[in-house]
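Okay, so here's the structure we're looking at.
The first residue in the sequence is number 1, and the count goes up from there.
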Amino acid sequence: MSRTLDPRARRDRTRSRAWFLQVHYRWESEGGGFTPGEAFAATVRDRRIAPSRLGYLERLVRAFENNQEVIESTISECLDNWRLERLSVMDRGILRLGATEILCLPDLPGKVAIQESVRLAERYGGSESPRFVNGVLDAVFRAAGPDDPPRRG
């Protein structure tokens with residue numbers, strides 16, 4: 001059962017998601033020379049991230065790193081006529097973030113993960129990104145089903 005977060009905690013989670021995209025970009029730009037955890041550590045070392053955002057950011061990065069194969073496989077199965085590696089780095093990051101929350105974080109409703117990912121796509125993606133992200137993550141949510149997701153954070 002999810003608990004209701006106060007507005008400040010919700011805002012911190014929203015900002016943690018944006019930080020996840022920066023960690024993701026750093027990880028991808030290294031071309032395999034970093035793990036997501038190493039990209040997280042380097043980002044924390046090089047950037048000023050509010051302490052109230054670090055916990056959820058680290059949780060997201062660890063959940064993605066520990067479940068990357070399942071997350072990417074599920075996204076790939078839900079992409080219609082697309083391959084994950086052919087998407088923009090930003091769309092790929094937003095899809096990985098949303099799928100991580102849907103598949104691995106049991107205390108977060110899947111619909112919230114989708115809504116937050118669509119907001120990030122509106123802010124950081126291309127003009128078609130919000131609709132694309134919504135469609136793919138909705139398919140991830142449906143594919144996960146109530147009993148299927150790994151839910152390992």
Problem set entry | Heavy-atom closest contact (Gly98 atom, Ala113 atom, distance) | O-CB, 4.1 Å
Exercise. Do the side-chain N and O atoms of Gln22 and Thr43 include a donor-acceptor pair separated by under 3.5 angstrom?
Worked result: no
Problem set entry | Verdict with reasoning, Leu79 to Asn81, per side-chain contact (heavy atoms from CB on, under 4.5 Å) | CA-CA 6 Å; Leu79 289 172; Asn81 298 318; over 6 Å; no
Exercise. Do the side chains of Arg47 and Trp19 get nearer than 4.5 Å, heavy atoms only?
Worked result: yes
Exercise. Salt bridge between Glu85 and Arg92, side-chain N to carboxylate O under 4.0 Å?
Worked result: no
For this session: Treating Ile, Leu, Val, Met, Phe, Trp and Tyr as nodes and any side-chain heavy-atom pair under 4.5 angstrom as an edge, say whether Leu84 and Leu103 lie in one connected cluster.
Result: yes
Exercise. So do the side chains of Thr100 and Asn67 get within less than 4.5 Å of each other, counting heavy atoms only?
Worked result: no
Exercise. Looking at Arg26 and Ala39, what are the two nearest heavy atoms and their distance?
Worked result: CD-O, 3.8 Å
Exercise. Under 6.0 Å between ring centres, would you say that holds for Trp27 and Phe64?
Worked result: yes
Problem set entry | Distance in Å, Leu57 CG paired with Arg15 CZ, rounded so as to fall on 0.5 Å steps | 14.0 Å
For this session: Going by the side chain to side chain contact (heavy atoms under 4.5 Å, CB included) test, name the single residue among Ile114, Asp138, Leu108, Ile71 that passes it with Ile102.
Result: Ile114
Exercise. Just how far is it from atom CG of Leu120 to atom OG of Ser129, taken to the nearest 0.5 Å?
Worked result: 11.0 Å
For this session: Decide whether Leu97 and Val89 are clustered together by the hydrophobic rule: side chain heavy atoms of Ile, Leu, Val, Met, Phe, Trp, Tyr closer than 4.5 Å, transitively.
Result: no
For this session: Heavy atoms only: give me the nearest Pro106-Arg59 pair and the separation to one decimal.
Result: CD-NH2, 4.4 Å
For this session: Check whether Tyr25 and Leu95 end up in the same hydrophobic cluster, where Ile, Leu, Val, Met, Phe, Trp and Tyr are linked by side-chain heavy atoms less than 4.5 Å apart.
Result: no
Problem set entry | salt_bridge(Glu116, Lys111) N-O dist < 4.0 Å | no
For this session: Measure the CD-CZ distance between Glu58 and Phe40 for me, rounded to the nearest 0.5 Å.
Result: 4.5 Å
Exercise. Under 4.0 Å between a Lys/Arg side-chain N and an Asp/Glu carboxylate O for Arg62 and Glu65?
Worked result: yes
Exercise. Say you draw a straight line from SG of Cys78 to CZ of Phe141; how long is it, rounded to the nearest 0.5 Å?
Worked result: 12.5 Å
Exercise. With side chains defined as the heavy atoms from C-beta onward, is the minimum distance between Leu105 and Tyr56 less than 4.5 Å?
Worked result: yes
Exercise. At what distance, to the nearest 0.5 angstrom, does CZ of Phe34 lie from OG of Ser29?
Worked result: 8.0 Å
Problem set entry | Over all atoms of both residues, closest heavy-atom pair of Ile49 and Arg53 | CG2-CB, 4.2 Å
Problem set entry | Shortest non-hydrogen contact from Ile94 toward Leu21 | N-CD2, 3.6 Å
For this session: Please round to the nearest 0.5 Å and tell me the distance separating atom OG1 of Thr14 and atom CZ of Arg11.
Result: 9.0 Å
Exercise. With a cut-off of 6.0 Å (strictly less than), are more than 12 heavy atoms of other residues, nucleotides or ligands near CG of Asp80?
Worked result: no
Exercise. Taking all non-hydrogen atoms of both residues, which atom of Val133 and which atom of Ser117 are closest, and how far apart?
Worked result: CG1-CB, 3.9 Å
Problem set entry | Heavy-atom donor-acceptor pair, Glu38 side chain to Thr35 backbone, under 3.5 Å | yes
For this session: For the pair Asp12 and Arg17, find out whether any cationic side-chain nitrogen is under 4.0 Å from an anionic carboxylate oxygen.
Result: no
Problem set entry | Residues Val118, Glu122; criterion side-chain contact (heavy atoms from CB on, under 4.5 Å); working and verdict | CA-CA 6 Å; Val118 168; Glu122 289 169 349; 3.9 Å; yes
Problem set entry | Presence of salt bridge, Arg131 and Asp91, under 4.0 angstrom | no
